[in-house]
Amino acid sequence: MGYCPEDRRAEGLFLDLSVRSNLLALTQLATIPDVFVWLAWLFVILRLGHALIHTTTNDMSRRFFLFLGSAIVLLLMWLVFFLRIAFGT
């Protein structure tokens with residue numbers, strides 16, 4: 001750990017980047033609900049499909065529905081995020 005005057009540490013102005021704090025941050029990643037992970041992967045798949053259609057056939061109707069689907073999934077992800085913060089579930 002580097003030099004830090006005690007008064008700065010007492011005031012909470014000390015940024016601790018130790019292994020312990022990194023491990024604590026990693027444990028917080030384990031609290032992500034499974035539904036959020038599945039929605040994130042669904043969003044990625046829909047966006048890849050959108051990009052594939054955009055670069056090949058550029059069929060606007062199929063491309064629009066993939067875009068709309070990805071936007072709905074993203075909205076659901078924000079809803080899950082909000083509910084998790086608001087109600088702590």
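Just the heavy atoms: all of them, side chains too, but no hydrogens, waters or symmetry mates, feed the values below.
Legend: salt bridge (charged side-chain N to carboxylate O under 4.0 Å, His left out) pairs involving residues 61-76, not counting sequence neighbours, sorted by first then second residue: D59-R62. For residues 36-53, no pair satisfies salt bridge (charged side-chain N to carboxylate O under 4.0 Å, His left out), with sequence neighbours left out. Evaluation of the salt bridge (charged side-chain N to carboxylate O under 4.0 Å, His left out) test over residues 65-77, restricted to residues two or more places apart or in two chains, returns none.
Here M60 contributes atom CE and F67 contributes atom CZ; the two are 10.5 Å apart, rounded to the nearest 0.5 Å. For the atom pair CG of L48 and CG of L52, the computed distance is 8.5 Å after rounding to the nearest 0.5 Å. The OG atom of S70 sits 11.5 Å away from atom CG of L75, with the distance rounded to the nearest 0.5 Å. F65 contributes atom CZ, which lies 12.5 Å from atom NE2 of H50 (distance to the nearest 0.5 angstrom).
Counting only heavy atoms from C-beta outward, the side chains of I53 and N58 never approach each other to under 4.5 Å.
Using the six-membered ring where Trp is involved, F81 and W78 have ring planes that are perpendicular, over 60° apart on the 30 and 60° scheme.
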Please tabulate, for the side chains in residues 32-44, all donor-acceptor contacts under 3.5 angstrom to protein atoms that are two or more places apart in sequence or on a different chain.
none

